[in-house]
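Everything below concerns the one structure shown next.
Each ligand, and each atom within it, is numbered from 1 in the order the structure gives.
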Amino acid sequence: MSRFLDARYASLEAYVPGEQPQGRRYIKLNTNESPFAPAPGAAACLCEEAAGAQRLYPDPQGMGLRKKLAEAFRLKPENILLGNGSDDILHFAFMAYGGAGVAFADISYGFYKVFAALRGIEPLLLPLCEDLRMDAAAYHGLHKTICIANPNAPTGEALSLTQIEGILATNPDNVVLLDEAYVDFGAQSALPLLSRYENLLIVRTFSKSRSLAGARLGFAMAHPAVIEDLEKMRCSTNPYNVSRLSLAMGEASIEDMAYFEACRKKIMETRAYTAQRLKEMGFGMTNSLANFLFIRHPDMGGREIYEGLREKGVLVRHFDTPRLRDYNRVSVGAREEMEVFLSRLEEIIAERTGKGNA
Ligand SMILES: *Cc1c(COP(=O)(O)O)cnc(C)c1O
């Protein structure tokens with residue numbers, strides 16, 4: 001830290017992303033990326049857009065992509081905002097609506113705490129239940145801005161549409177942000193409620209279900225007045241926040257519904273298969289509707305499993321906090337990757353049992 005940094009940021013703890021290893025090749029199941037390539041049309045943009053067009057700034061309104069998204073979700077472009085990843089949009093929301101105070105689950109996406117700290121907000125943390133599910137009733141009538149990852153991270157547990165509506169209806173004077181980063185893998189989206197609740201802000205990303213984590217592309221869907229607020233934040237910080245290349249890849253991705261459907265179906269099938277195999281091996285897990293599983297073994301610590309896997313070339317995510325340290329979060333990769341993961345895990349358990357008997 002230099003002596004020039006604003007004193008209010010001295011104790012700010014920045015977000016720590018999952019490891020992106022540069023040396024050894026791992027089977028990478030630690031940051032919930034897609035194992036599949038982006039839609040073929042999106043990949044083709046790399047050749048077309050990488051050339052001359054990069055000379056020019058992108059459309060600061062991103063109108064081409066907003067129109068495509070509006071069409072796909074039966075909305076208007078005025079209902080859509082684009083971000084440099086959905087993290088960008090979360091930041092705009094904390095800027096725009098943080099003044100009312102912010103409430104979110106004590107265990108959720110780690111960035112919420114960082115954005116709150118960055119904006120100088122002391123968040124109201126609502127504890128998850130003993131079984132790591134969200135207690136929807138605890139969010140009723142809070143008089144604060146509410147931020148919910150649905151499905152939640154790192155548990156994958158989701159609220160139902162009825163539970164979400166209860167939260168929207170009892171907080172009519174506050175924005176309820178639903179971070180639907182993982183909603184394409186089987187949970188219910190709040191989208192059908194958008195026409196009836198002007199306090200609903202849905203945030204989505206191309207990073208998980210659309211295989212474009214590297215392109216940094218996210219979007220929000222909300223009432224036009226809410227979008228206008230967020231646009232004000234966006235244009236006051238970085239009006240060219242989405243690159244020309246990412247806009248083009250986003251459009252191509254939205255156009256190819258068949259590819260999107262095939263990829264998410266494969267992830268859901270592989271999730272069910274992997275969960276079944278893990279249960280046979282004695283693992284317990286949350287009821288994840290995301291592209292990851294959150295698993296624990298009755299006889300082995302989470303750290304021990306994480307390190308064992310890492311030595312064998314498989315990266316998963318371990319969170320060293322009191323309620324999470326027995327668990328590991330494992331992204332659902334391609335079927336072949338999961339087979340390698342499962343056999344390494346079997347080896348680790350066998351080695352451990354061997355040691356126990358010796
Ligand atoms: C991955 C993730 C994000 C961030 O996505 P980007 O669009 O890549 O910034 C936001 N929220 C949750 C819950 C996530 O898991």
F292/Y182 under ring-ring contact (aromatic ring centres under 6.0 Å, His included): CA gap, chis, key distance, verdict: CA-CA 9 Å; F292 54 80; Y182 300 107; 5.0 Å; yes

Would you call the rings of Y109 and Y112 parallel, tilted or perpendicular, taking 30° and 60° as the class edges? perpendicular

Contact between C147 and D179 at the side-chain level, heavy atoms closer than 4.5 Å - yes or no? no

Are any protein N/O atoms closer than 3.5 Å to the N/O atoms of ligand 1? If there are, list each pair with names and the distance to one decimal place.
residue, atom, partner, partner atom, Å
ligand 1, 5 (O), S86, OG, 3.1
ligand 1, 7 (O), S86, N, 2.6
ligand 1, 7 (O), S86, OG, 2.9
ligand 1, 7 (O), T205, OG1, 2.5
ligand 1, 7 (O), S207, OG, 3.3
ligand 1, 8 (O), S207, OG, 2.6
ligand 1, 8 (O), R216, NH1, 2.8
ligand 1, 8 (O), R216, NH2, 3.3
ligand 1, 9 (O), S86, N, 3.2
ligand 1, 9 (O), D87, N, 3.1
ligand 1, 9 (O), D87, OD1, 3.4
ligand 1, 9 (O), D87, OD2, 3.1
ligand 1, 9 (O), R216, NH2, 2.7
ligand 1, 11 (N), D179, OD1, 3.3
ligand 1, 11 (N), D179, OD2, 2.6
ligand 1, 15 (O), Y182, OH, 2.5
ligand 1, 15 (O), K208, NZ, 2.9

Determine, for F185 and K208, whether the Lys NZ or Arg CZ falls below 6.0 Å from the six-membered ring centre while staying within 45 degrees of the axis.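 No; the conditions do not both hold, so K208 does not lie above the ring face of F185.
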
Does E180 use its side chain to pair, donor to acceptor, with the backbone of A190 at less than 3.5 Å?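 Side chain of E180 to backbone of A190: a pair is present.
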
Can you pull out every salt bridge (charged side-chain N to carboxylate O under 4.0 Å, His left out) where at least one residue sits in residues 108-122? Sequence neighbours excluded, please. none

